[in-house]
Amino acid sequence: MLSGTGFDLPAGVPLAGLVPDADGASVTVRTAFHQLGTGPVAYAICVQGIRASSAIDGARYKRFATTSPGGTSSPRMVTVQREWEDEFPSMSGVGGEITALPDPADLFPAPVSDIFIDAMMPNDDGSQVTVAAVRRAAVGAGPSVGGDAAAAGNGLRSVDRHSVDDDTLWTVTGYSTDHDIY
């Protein structure tokens, strides 16, 4: 049974999904793009236990998920609350996933590669996890502190900003796994 998750990505490749399956048997890692000759590595840390699909009554593994509303803003955050209130907190894994919602008018939607998971943060008592995703800045200019212009004396330089005309709707889903096999 899945007890924890992990991943290893090639340098510069953003994480688009770390998804523990609902049955407690595996984990899937997704990236927004792949570099030739390299790919992501998924790690599934497993222990002896009863999976959710087991024929034995009282499955002791559960995956909880919460999805944010669709929108275009960045960052997007979602908090997954554990549902087994009568048991001692035993969060065993976390995950997240980005979903770009296709425009019904677009017959050939292009894959979205500029949105990625930025953080997966369990709280101190093991009862919830917050997953944050961001959209990579598009090409455009805006003021910021530092850079070559700062050396020239005006304190401003050109930095990437989000495109104001990008209307891609997207969501972030947070995952938490829970079991009581310890």
Side-chain angles (χ1 to χ4, degrees), residues 2-22 26-36 38-45 62-83 89-103 109-147 150 156-178:
L2 189 65
S3 177
T5 61
F7 61 93
D8 186 12
L9 302 178
V13 176
L15 179 66
L18 176 68
V19 184
D21 82 338
S26 65
V27 61
T28 301
V29 173
R30 287 189 310 107
T31 58
F33 59 87
H34 296 277
Q35 296 175 341
L36 291 177
T38 63
V41 176
Y43 295 97
I45 296 90
K62 177 140 174 134
R63 180 185 76 176
F64 304 103
T66 302
T67 301
S68 72
T72 59
S73 63
S74 176
R76 298 190 79 67
M77 297 176 71
V78 65
T79 299
V80 183
Q81 179 69 39
R82 171 178 72 83
E83 295 172 17
S90 58
M91 185 186 306
S92 61
V94 300
E97 181 175 29
I98 306 301
T99 303
L101 306 175
D103 182 347
V112 175
S113 62
D114 64 342
I115 303 170
F116 59 94
I117 295 174
D118 189 46
M120 292 178 276
M121 305 163 287
N123 69 347
D124 290 340
D125 72 2
S127 64
Q128 65 184 23
V129 61
T130 300
V131 177
V134 296
R135 168 165 280 167
R136 184 188 317 251
V139 176
S144 182
V145 176
L156 300 176
R157 67 180 176 100
S158 180
V159 296
D160 291 339
R161 295 286 185 218
H162 296 289
S163 173
V164 294
D165 62 349
D166 190 348
D167 60 355
T168 301
L169 293 174
W170 59 284
T171 65
V172 58
T173 301
Y175 297 99
S176 168
T177 59
D178 201 353

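FYI, side chains are in, hydrogens and waters are out, and symmetry mates aren't considered; it's all heavy atoms of this structure.
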Minimum side-chain heavy-atom gap [X]-[Y] below 4.5 Å:
X: Leu101; Y: Thr171; answer: yes
X: Gln81; Y: Ser127; answer: yes
X: Val80; Y: Val94; answer: no
X: Val27; Y: Leu18; answer: yes
X: Arg76; Y: Pro69; answer: yes

On a heavy-atom basis, the closest approach of Ala100 and Trp170 is CA-CB, 4.1 Å

Provide the closest heavy-atom pair for Thr173 versus Val131 in the form atom of the first, atom of the second, distance.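 So the two residues come closest at O-CG1, 4.4 Å.
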
Quiz item: Can any side-chain N or O of Arg63 pair as donor or acceptor with the backbone N or O of Pro20 at less than 3.5 Å?
Solution: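 Judged by distance alone, yes, a pair lies under 3.5 Å.
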
- Taking Asp21 for its side chain and Ser26 for its backbone only, find out whether a donor-acceptor pair lies under 3.5 Å.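 Between the backbone of Ser26 and the side chain of Asp21 there is a qualifying donor-acceptor contact (under 3.5 Å).
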
[X] [atom1] to [Y] [atom2] distance, which is reported to the nearest 0.5 Å:
X: Thr99; Y: Leu169; atom1: OG1; atom2: CG; result: 12.0 Å
X: Phe7; Y: Tyr43; atom1: CZ; atom2: OH; result: 11.0 Å
X: Arg135; Y: Thr72; atom1: CZ; atom2: OG1; result: 7.5 Å
X: Ile117; Y: Ile98; atom1: CD1; atom2: CD1; result: 5.0 Å

task: Run the numbers on Leu15 and Val29 for side chain to side chain contact (heavy atoms under 4.5 Å, CB included), then give the verdict.
output: CA-CA 8 Å; Leu15 179 66; Val29 173; 4.0 Å; yes

> Should Phe116 and Val134 be marked as a side chain to side chain contact (heavy atoms under 4.5 Å, CB included) after you check the CA-CA gap, both sets of side-chain angles, and the distance that decides it?
Replying inline: CA-CA 6 Å; Phe116 59 94; Val134 296; 3.3 Å; yes

For Thr79, the side-chain contact (heavy atoms from CB on, under 4.5 Å) test, sequence neighbours excluded, returns Gln128, Thr130

